[in-house]
Amino acid sequence: MFDSVRVRLTVWYSAVLAVVMVLVSATTYLIVRKTSMQRTDEELAVLADSFLVTFQAELEDAPGTRASAILPAAQQSMVEHRSNSDTFVVLGPAGETIATSSQPISSGEKSGASVTRAIASDEFQRFARLGESKQVSLETIRGEHSRFRAYSRQFRGNGQNYLLIILHSLHAQNEVLETIRLTFTWMILVGLLLAGTGGYFLARKSLAPVVAMGVHARRIGATNLHERLPVLNANDELGQLATIFNDLLNRLDQSFERQRRFIADASHELRTPLAILRGEAEVAMSQPGRTAEDYLESLGILHEETSRLIKIVEDLFTLTRADSGQYPLSREDVYLEEVVAECAHSARTLAREKNIELRVDASSECLVHGDQALLRRMILNLLDNAIKYTAEGGRVDIACRSTAAGFEVDVTDTGPGIPPELQSRIFERFFRADPARSRSGREGGAGLGLSIALWIAEAHHGRLELVRSDATGSHFAVYLAGPGMAYAGTD
Ligand code: ADP
């Protein structure tokens, strides 16, 4: 049950509300109680003043000895100050009871008896003794059915010390407080019930869009990845969540689309050499009377196409691993100028076959921290392209130099160039500016060379760019950083 956000929200909300309501009610109750007690104490002090004024007046007016006038004066004062909730007790110098407002002065017989018992109680005796030592004292005394506020005041009469004690019944006050307590308790209970129910429905209503989003999201799969969650209000939190989710779906959709295109293009690329292989094998098998040279020629074609297939599969494997971040780079200190010289050496045979002049400038020291095999592969891809797309008798330049920002490898050729409208696409996978020409014969590439070269440059925190390409040729540049440096840009 507590797994539901609605329930948790409601419980939290109700708990906080309960704490607040209890605190407010308790504080209010305590303030009312304290104020009412203070008022009672003040009233008792005033009552005592008034009682003593009457007492003194009665004493002075009394005929006979003043000693014998104490009791009638006290009784007369009690009669004059008779009230339903106050009982007067006058104690003599030795603590003996001289006068008590005879009949229970509180309401009801029961409480009257209760007053009598309260006066007889040990608590009262203790309070009376305390009163003898203090001019004025105040205390709450527990009776049988209700409590009393006891007030004592010393006074002098007839040259002796007397003690006046007034017991004020707290019955009425307790009833008011009891009513307040009950009202607060009911208010809290009903308030909590209403707030809990209301809170639950409110939470349910507020979270309804989330539930709807969940239902909608559950329906989205690989086949309908283009569907999006409804955004009711893009500015509120749920709208923002839906927008974030939709952005995620967009990225997933694009990634799926790239994967689909990649697989479709890869299958397409593999089909051509496979079809050639099968065709060549069929031709070889269907002509039994072929000479050894014919067979050798067929085997040569089979070998060439198989090599092409292996190259494509290897490139595909590299890119797939690169995409999933699983291509381990074994980094070490690499002298880039040596790699450039080695690549130029490997490509020289190819250049010579096409009568292309290959010029190398790898004189300055360029120490980078990287994967030597991958860096070689990147440079070979660029060099291979330059020779592949340059006409016979042309020229290819490769140079490696150190710049203020890092190191730069430039590959320049005198080939036909890449049409301006296609230049932005040459780093895309399987993209070929001239598919017919690329696929034919030994020059055929699968359109993966530059994608791999770009990935290698980026995996080394560098860049690969087509600097220039026009009718006079093309210029590719790789920018890399030295060990412990981040590449800062071109200079
Ligand atoms: P490919 O295997 O087809 O060479 P790449 O990814 O290496 O694939 O190159 C993509 C395309 O870019 C090539 O098909 C070609 O049209 C164009 N291209 C690359 N390098 C050159 C270059 N030096 N001169 C002219 N065109 C180039």
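It should be emphasised that the depicted structure is a prediction, and the values quoted were computed from it without experimental measurement. Index from 1, following the sequence. Both ligands and their constituent atoms are indexed starting at 1 by order of listing.
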> Any N or O on Gly417 sitting closer than 3.5 Å to an N or O of ligand 1?
Replying inline: no
> What about Leu450: any of its N or O atoms under 3.5 Å from an N or O on ligand 1?
Replying inline: yes
> Just heavy atoms, cut-off under 4.0 Å: does Ala433 contact ligand 1 by side chain, backbone, both, or neither?
Replying inline: both
> Does ligand 1 have an atom under 4.0 Å from some heavy atom of Gly415?
Replying inline: no
>> Under 4.0 Å from a heavy atom of Ile418: which atoms of ligand 1 are those, numbered in the order shown and with their elements?
In response: 18 (N), 25 (C), 26 (N), 27 (C)
> Under 3.5 Å, N or O to N or O, is Gly447 touching ligand 1 that way?
Replying inline: yes
> Distance-only, no hydrogens or angles: does the Thr10 side chain make a donor-acceptor pair with backbone N or O of Thr197 under 3.5 Å?
Replying inline: no
Check residues 248-258 and write down every donor-acceptor pair under 3.5 Å in which the side-chain atom is one partner and the other belongs to a residue at least two apart or another chain.
{"residue": "Asn250", "atom": "OD1", "partner": "Arg228", "partner atom": "NE", "Å": "2.9"}
{"residue": "Asn250", "atom": "OD1", "partner": "Arg228", "partner atom": "NH2", "Å": "2.7"}
{"residue": "Glu257", "atom": "OE1", "partner": "Arg260", "partner atom": "NH2", "Å": "3.3"}

> Lys388: heavy atom below 4.0 Å from ligand 1, yes or no?
Replying inline: yes
> So, for Leu9 and Ala203, which heavy atoms are closest and what is the spacing to 0.1 Å?
Replying inline: CD1-CB, 4.0 Å
> Is any N or O atom of Tyr389, backbone or side chain, closer than 3.5 Å to an N or O atom of ligand 1?
Replying inline: yes
> Is a side-chain N or O of Glu392 found less than 3.5 angstrom from the main chain of Ile356, in a donor-acceptor match?
Replying inline: no
> Considering residues, nucleotides and ligands other than His345, do more than 12 of their heavy atoms fall under 6.0 Å from its NE2?
Replying inline: no
> Is the backbone N or O of Thr390 less than 3.5 Å from a side-chain atom of Lys354, with the two atoms forming a donor-acceptor pair by type?
Replying inline: yes
> With a cut-off of 4.0 Å, which atoms of ligand 1 are near a heavy atom of Ile426?
Replying inline: 10 (C), 12 (O)
>> Show me which atoms of ligand 1 lie under 4.0 Å from any heavy atom of Ser474.
In response: 24 (N)
>> Can you see whether Glu365 engages Ser402 through a side-chain donor-acceptor pair at a distance of less than 3.5 angstrom?
In response: no
>> Side chain or backbone, does Asp413 bring an N or O within less than 3.5 Å of an N or O on ligand 1?
In response: yes
>> Show me which atoms of ligand 1 lie under 4.0 Å from any heavy atom of Leu448.
In response: 6 (O), 8 (O)
> Which bit of Ala446 gets closer than 4.0 Å to ligand 1, counting heavy atoms only: side chain, backbone, both or neither?
Replying inline: backbone
> Looking at Tyr13 versus Tyr200, is the centre-to-centre ring distance below 6.0 Å?
Replying inline: no
> Where does Phe427 meet ligand 1, judged by heavy-atom distances below 4.0 Å: at the side chain, the backbone, both, or neither?
Replying inline: neither
Please tabulate, for the side chains in residues 284-292, all donor-acceptor contacts under 3.5 angstrom to protein atoms that are two or more places apart in sequence or on a different chain.
{"residue": "Ser286", "atom": "OG", "partner": "Glu282", "partner atom": "O", "Å": "3.1"}
{"residue": "Ser286", "atom": "OG", "partner": "Val283", "partner atom": "O", "Å": "3.1"}
{"residue": "Gln287", "atom": "OE1", "partner": "Arg290", "partner atom": "NE", "Å": "3.1"}
{"residue": "Arg290", "atom": "NH1", "partner": "Ser298", "partner atom": "OG", "Å": "3.1"}
{"residue": "Arg290", "atom": "NH2", "partner": "Ser298", "partner atom": "OG", "Å": "3.3"}
{"residue": "Thr291", "atom": "OG1", "partner": "Asp294", "partner atom": "N", "Å": "3.2"}
{"residue": "Thr291", "atom": "OG1", "partner": "Asp294", "partner atom": "OD2", "Å": "3.2"}

